[in-house]
Structures are given as structure tokens and as C-alpha cells.
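Taking it in order: structure first as C-alpha cells, then the write-up.
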Amino acid sequence: DRIRDFADSVADRFWETDENHLYTYVSENPQGYWLLKASDMIGKTRWDIIGTEGEETFWRDYIAVLDRHQSFRDLQHSRIGENGEIRYFRASGKPRFDNAEKFLGYRGTTVDITDEINTKKQAEETQERLFNALEIMEEGVVFWDADDNLIACNRYYRNIHPEIATML
């Protein structure tokens, strides 16, 4: 029970692959929000399921890591669901070897990070809107941190201080 509790606290889904990187085991997720059922993944590679279109370099590099039988952490990838929604995931995996050091495949975990990614995107969009609004103001605006380091200033502030504008 202890090990199961630890595992459930760090991952949404557990998986295992063979020496050809084909899924041999995928846990179902109790929340049921995954785009694919575990049974639909068995016998396929991650890139067969997701597709590589537009991300060929990313997948080539990832497959090279797998072919070198290296551990990997926090591989971020996305998938578009049938409803058009993009979901984001982070996977980590560890190679498995038998007693004779023959490569057997990987075991790993996957976490749905969609809420985290969407929150970060929303914060970046809000920050960009704020800075765009400050740029068009006809008053000098400057932000300092707690240590009196300049964080940002707007165009008007730079214009009223031309002698130091390049430093700003």
C-alpha cells in the first residue's frame, strides 16, 4: 500500500515497453481523462500514437536517447484529442536490463500537465497585455524589485531619459 500511495502521488499513468519501444503495459487512469485507453496503446510506440508531423527533430532526438538505452526525465509532448483540445504530458522512463545486461525495454510514468501549461500560457498572455498597455502610456512607468533592480520600464520612460536609455 505504501509503494502504491507513493507511486500514485507522482504519476497519473504507468507504462512499460519492450526492446522495440512498443508498449507492453499501460495502466488505466482512475480519473478517466486520458485521451487513449490503455488497450489502444499496447503494441504501439509513443510516436506511433502521437505522430511526428511538424516535430521530426524532437522525435528523432528522443528515439536516439531510447536507442542508446538512456534514462529520460520530463519529456514534454502534446496530443490533440478528438474534440480538438490539446493536452500536454510529461513522461519519464528508465531502461530495463536482464541479468546478462540485455536491454528489455523501459518502465516509466506519465503525468498530465495540461492545467500547468495552460496556466503558464495564460500568465504569459496577461503579462504581455500588461506590458503592451504600459508601452502606449504617455507617462513614464518603471518597475523595481525588492533589491532596487530595474525589472522593466516603458518607452516613454526611456524617451525622457535618453542619456541612459540604452542601459534601461
Q) Should Phe14 and Leu104 be regarded as members of a common hydrophobic cluster, given that ILVMFWY residues are connected when their side-chain heavy atoms come within less than 4.5 Å of each other, either directly or indirectly? A)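 Phe14 and Leu104: separate clusters.
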Q) What about Trp47 and Trp15, same hydrophobic cluster or not, with Ile/Leu/Val/Met/Phe/Trp/Tyr joined at side-chain heavy-atom distances under 4.5 Å? A) yes
Q: Taking atom CZ of Arg73 as the centre, report whether more than 12 heavy atoms of other residues, nucleotides or ligands fall under 6.0 Å from it.
A: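 It does not: Arg73 CZ has 12 such atoms or fewer within range.
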Q. Should the heavy atoms of other residues, nucleotides or ligands under 6.0 Å from CD of Glu124 be counted, would the total exceed 12?
A.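 Counting other residues, nucleotides and ligands, CD of Glu124 exceeds 12 neighbours.
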Does the side chain of [X] reach to within under 4.5 Å of the side chain of [Y], using non-hydrogen atoms?
{"X": "Phe89", "Y": "Arg13", "value": "no"}
{"X": "Phe97", "Y": "His69", "value": "yes"}
{"X": "Trp144", "Y": "Leu150", "value": "yes"}
{"X": "Asp40", "Y": "Tyr23", "value": "no"}
{"X": "Asp61", "Y": "Thr57", "value": "yes"}
{"X": "Arg107", "Y": "Glu16", "value": "yes"}

Working to the nearest 0.5 angstrom, can you tell me the gap between [X] [atom1] and [Y] [atom2]?
{"X": "Phe103", "Y": "Arg68", "atom1": "CZ", "atom2": "CZ", "result": "12.5 Å"}
{"X": "Asp48", "Y": "His21", "atom1": "CG", "atom2": "NE2", "result": "11.5 Å"}
{"X": "Ile117", "Y": "Arg87", "atom1": "CD1", "atom2": "CZ", "result": "11.5 Å"}
{"X": "Asp12", "Y": "Arg90", "atom1": "CG", "atom2": "CZ", "result": "10.0 Å"}
{"X": "Arg46", "Y": "Leu66", "atom1": "CZ", "atom2": "CG", "result": "8.0 Å"}

Q: Work out which heavy atom in Thr114 is nearest to a heavy atom in Ile86; give both atom names and the distance.
A: CG2-O, 3.9 Å
Q) Considering all heavy atoms of both residues, which atom of Ser71 and which atom of Val65 are nearest to each other, and what is their separation? A) O-CG1, 4.2 Å
Side-chain donor-acceptor contacts of residues 156-168 below 3.5 Å, not counting sequence neighbours, with atom names and distances?
from, atom 1, to, atom 2, distance (Å)
Arg158, NH1, Cys153, O, 2.9
Arg158, NH1, Asn154, O, 3.4
Arg158, NH2, Glu135, OE1, 3.4

Q) Are Tyr88 and Lys120 close enough that a side-chain donor and a side-chain acceptor fall under 3.5 Å? A)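 Not at all, the side chains of Tyr88 and Lys120 share no donor-acceptor pair under 3.5 Å.
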Q) In chain order, what residues pass the side-chain contact (heavy atoms from CB on, under 4.5 Å) check against Phe143, with sequence neighbours excluded? A)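 Scan of Phe143 (side-chain contact (heavy atoms from CB on, under 4.5 Å), adjacent residues dropped) gives Phe131, Leu134, Val141, Ile151, Ala152.
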(Q) Ser39: which residues meet the side-chain contact (heavy atoms from CB on, under 4.5 Å) condition with it, sequence neighbours left out? (A) Lys37
Look at the side chain of [X] and the backbone N and O of [Y], then say whether any donor-acceptor pair between them is shorter than 3.5 Å.
{"X": "Arg79", "Y": "Ile49", "answer": "yes"}
{"X": "Tyr106", "Y": "Ser92", "answer": "no"}
{"X": "Asn20", "Y": "Leu22", "answer": "no"}

Q | Set of ring-ring contact (aromatic ring centres under 6.0 Å, His included) partners for Tyr25, sequence neighbours left out | A | none
Q. Quick one: salt bridge (Lys or Arg N to Asp or Glu O under 4.0 Å) partners of Asp67, sequence neighbours excluded?
A.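 Salt bridge (Lys or Arg N to Asp or Glu O under 4.0 Å) check on Asp67 returns nothing, list empty.
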Q.
So, using salt bridge (Lys or Arg N to Asp or Glu O under 4.0 Å) as the criterion, who are the partners of Glu138 when residues are at least two apart?
A.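 Residues passing salt bridge (Lys or Arg N to Asp or Glu O under 4.0 Å) with Glu138: Arg155.
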